[in-house]
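Heads up: the structure comes next, in structure tokens.
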Amino acid sequence: MGRILGRKITLGLVIGSRAFFSPAPCKAARDEITAELEALGVNIITLPFEATANGAVQCVEDAQLYAQHFREHAAEIDGLVICLPNFGDEIAMIELVNRAKLDVPILVQAANDENDQVDVHSRRDAWCGKISVTNNFYQYGIPYSEPSHHTSDIASDEFRADLRRFIGVCRVVGGVRGARLGAIGARTKPFQTMRYSEKLLQRAGVTVVTVDLSELMGRAGRLADDDPDVLEKMEKIRTYGRIAPHITHDQLTRQAKWTATVNRWIAENECDASAIQCWSALQDNFGCATCVTMSMMSEELMPSACEVDIMGGLSMYMLALASEAPPAILDWNNNYAREEDMVVATHCGNFPKSFIGDTPEIGELDVLGEALGRSKCFGAVKGKVKAGDMTYFRVSSDDTDGTLKAYVGEGAFTDDPYAMDGGIAVCRVPRLRQLMGFVTQQGFEHHVAMVRGHHAAVLNEAMTRYLGWPFYDHDTPPEPQLFHPRRF
């Protein structure tokens with residue numbers, strides 16, 4: 001199917017009906033949901049209206065037709081939408097899904113009744129029918145997604161928002177399953193916190209591709225100054241931000257060679273995201289930073305994390321899948337005065353420019369520049385993140401418990417000043433001290449991925465229904481659970 005970011009989502013569409021109910025709503029539901037999905041830029045796979053009675057799935061024979069059609073297009077289908085304009089046929093629905101064996105997210109929508117249209121010829125009873133359909137899904141162990149309301153009108157703002165969220169869930173689930181992450185270089189020696197488990201990632205469908213930093217430095221060093229890729233990257237860097245006037249042509253050329261080399265390796269290995277050994281071997285042995293390289297890749301939805309933080313790269317990638325916006329990796333770094341719910345999140349200079357929200361400065365690393373020499377630390381993207389909504393997210397591999405785990409939440413970037421160099425994000429996070437207690441007690445890393453906008457619901461749904469990772473949502477109450485009383 002190829003890379004899921006940057007292409008249209010494709011959904012299979014099913015109209016479920018019980019034959020002895022009025023068939024009239026089936027055609028209307030099909031037309032309405034088709035219009036909604038097309039307006040959202042979704043490709044639709046379904047059978048022609050004439051293939052079954054009322055254009056719906058009403059019996060096992062109909063289910064087999066649809067299941068076979070979906071199997072033939074399985075490589076294209078990212079999710080399945082089932083609309084129940086009336087009670088629906090539970091056997092037909094479960095047979096369809098069970099026979100199609102798509103293993104993709106499923107959204108089950110049921111139609112509202114109108115109080116003045118509940119006579120024997122007009123009633124829908126979809127409220128009840130949906131419970132029967134989902135009961136069968138539960139029996140068969142098939143996960144599915146719920147809209148925000150048990151029943152809804154297809155052409156409504158609430159269901160339109162449900163569809164947008166579901167499309168995001170399909171991107172996250174499809175993107176994680178089969179993702180390829182590039183690990184460029186060895187873990188920076190002082191940071192044991194960046195350890196991770198490739199085996200746990202592989203179990204989740206994520207492959208890590210490795211390369212030694214020296215190999216890429218060698219390739220970059222062999223590039224000619226007039227190589228077309230180098231010239232193209234030089235121009236891209238020049239227009240990406242404001243370059244300090246004292247930066248030399250040689251510094252810019254080295255940075256362009258490194259960027260071209262990394263981009264080529266990412267393409268050769270079909271990586272969706274990456275993490276790079278960003279200090280200090282690159283500065284000492286090649287003479288540049290890699291921040292602007294990571295920044296530009298993240299801006300193009302090819303996220304790249306610092307310090308070989310592969311789990312951070314995965315976190316960034318999942319945020320990009322959920323939002324279709326450029327993510328960044330940051331440190332939970334500084335308190336903001338004595339404000340209980342404020343924190344300063346920073347990094348040396350890897351934020352994508354649209355994440356910053358303004359034209360950044362491209363200069364030398366500040367802290368590392370003081371220690372290593374500024375002349376070999378060009379490539380830092382600097383700027384203060386503009387105010388706006390944000391989502392934070394972190395995935396970690398927990399070898400002790402043998403699982404991937406995560407936390408997610410929402411907050412805001414603020415306009416409050418902070419006199420620090422590099423990339424700066426002043427953040428407001430509700431109940432921040434409680435969140436930090438969770439982060440420290442659960443052994444999460446100091447890195448966190450962030451993206452503009454509120455997208456926690458998409459990640460929550462993806463992990464709850466389909467990925468099966470233990471996670472903590474800082475803002476959303478947990479779902480109702482069965483209480484298991486103690487047995488005496």
Side-chain angles (χ1 to χ4, degrees), residues 4-6 9 40-41 161 164-165 167-169 171-172 175 240-241 272-273 291-292 294-306 309 312-333 336 341-362 381-395 406-418 420 422-430 432 435 447-462 473-476:
I4 197 166
L5 272 170
I9 288 292
L40 292 171
R164 288 195 188 96
R165 183 173 64 252
I167 291 166
V169 171
R171 276 197 307 269
V172 171
Y240 193 71
D272 300 291
C291 299
V292 70
M294 295 187 291
S295 173
M296 292 192 298
M297 287 195 294
S298 297
E299 182 69 23
E300 296 174 357
L301 303 186
M302 299 282 290
S304 189
C306 309
D309 181 7
L314 177 60
S315 304
M316 294 171 72
Y317 180 51
M318 291 177 68
L319 279 178
L321 290 165
S323 66
E324 294 187 291
I329 196 80
L330 307 91
D331 288 351
W332 291 119
N333 209 69
Y336 190 85
D341 287 344
M342 291 182 67
V343 62
V344 184
T346 73
H347 242 164
C348 302
N350 63 323
F351 300 169
K353 66 178 182 180
S354 63
F355 178 86
I356 295 172
D358 203 350
T359 302
E361 174 194 339
I362 306 177
V381 179
K382 305 177 186 181
K384 186 172 182 296
V385 177
K386 282 192 171 181
D389 293 339
M390 68 87 168
T391 302
Y392 57 86
F393 180 58
R394 178 73 199 187
V395 184
Y407 68 87
V408 66
E410 295 174 344
F413 301 123
T414 79
D415 279 329
D416 296 279
Y418 201 73
M420 182 182 280
I424 306 298
V426 180
C427 308
R428 186 175 294 278
V429 176
L432 175 64
L435 174 65
H447 283 178
V448 63
M450 292 184 181
V451 76
R452 287 191 170 277
H454 284 168
H455 308 283
V458 171
L459 294 163
N460 184 314
E461 181 79 3
D473 188 326
H474 189 56
D475 305 303
T476 304

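Along the sequence shown, the residues carry numbers beginning at 1. Below, all heavy atoms of this structure are taken into account, side chains as well, without hydrogens, waters or symmetry copies.
When side chains are defined from C-beta on, M296 does not count as touching K353, because their heavy atoms never get closer than 4.5 Å. When side chains are defined from C-beta on, C427 counts as touching M450, because their heavy atoms get closer than 4.5 Å. Taking 4.5 Å as the limit, every side-chain heavy atom of M342 sits out of range of all side-chain heavy atoms of L432. With a 4.5 Å cut-off on side-chain heavy atoms, I4 and L321 count as touching. Residues M390 and V429 have side chains in contact (heavy-atom distance under 4.5 Å, counting atoms from C-beta outward). Between F351 and L330 there is a side-chain heavy-atom pair separated by less than 4.5 Å. N350 has its side chain out of reach of V381: every pair of non-hydrogen atoms, C-beta onward, lies at least 4.5 Å apart. You'll find the side chain of K382 stays beyond 4.5 Å of the side chain of I362, heavy atoms only.
Aromatic ring pairs are classed by plane angle as parallel below 30°, tilted from 30° to 60° and perpendicular above 60°; the pair W332 and Y392 is perpendicular. Using cut-offs of 30° and 60° for the angle between ring planes, the Y418 and Y336 rings count as tilted.
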| request: Could you walk me through whether M302 and D272 pass side chain to side chain contact (heavy atoms under 4.5 Å, CB included), step by step? | output: CA-CA 6 Å; M302 299 282 290; D272 300 291; over 6 Å; no
| request: List the steps and the verdict of side chain to side chain contact (heavy atoms under 4.5 Å, CB included) for E410 and H455. | output: CA-CA 8 Å; E410 295 174 344; H455 308 283; 5.6 Å; no
| task | Before giving the answer on side chain to side chain contact (heavy atoms under 4.5 Å, CB included), spell out for V448 and I329 the whole-Å C-alpha distance, their side-chain angles and the decisive distance to 0.1 Å. | result | CA-CA 6 Å; V448 63; I329 196 80; over 6 Å; no
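A side-chain donor-acceptor contact under 3.5 Å links S315 to the backbone of V395. The main-chain N or O of S304 is found under 3.5 Å from a side-chain atom of S298 such that the two form a donor-acceptor pair. D331 contributes no side-chain N or O that, together with a main-chain N or O of N333, makes up a donor-acceptor pair within less than 3.5 Å. Not a single donor-acceptor pair under 3.5 Å links the side chain of S295 to the backbone N or O of C291.
A salt bridge does not link K384 to D416: none of the charged side-chain nitrogens sits closer than 4.0 Å to a carboxylate oxygen.
Side chain to side chain, Y240 and T359 fail the donor-acceptor criterion of an N or O pair below 3.5 Å.
Closest non-hydrogen pair, P327 versus L319, comes out as CB-CB, 4.2 Å. Between H474 and G409, the closest heavy-atom pair is CB-CA, 4.4 Å. Considering every non-hydrogen atom in both G168 and V458, the closest pair reads C-CG1, 3.4 Å. Closest of all the heavy-atom pairs between S323 and V451 is OG-CG2, 3.5 Å. In terms of heavy-atom proximity, S354 sits nearest to R452 at O-NE, 3.5 Å. In terms of heavy-atom proximity, I356 sits nearest to P360 at CD1-CB, 3.9 Å.
Residues F393 and Y317 place their aromatic rings such that the two centres sit no closer than 6.0 Å.
Taken to the nearest 0.5 Å, the CZ atom of R394 stands 9.0 Å off from the CG atom of L314. Here the CE-CZ distance, from M318 to R171, works out to 12.5 Å after rounding to the nearest 0.5 Å.
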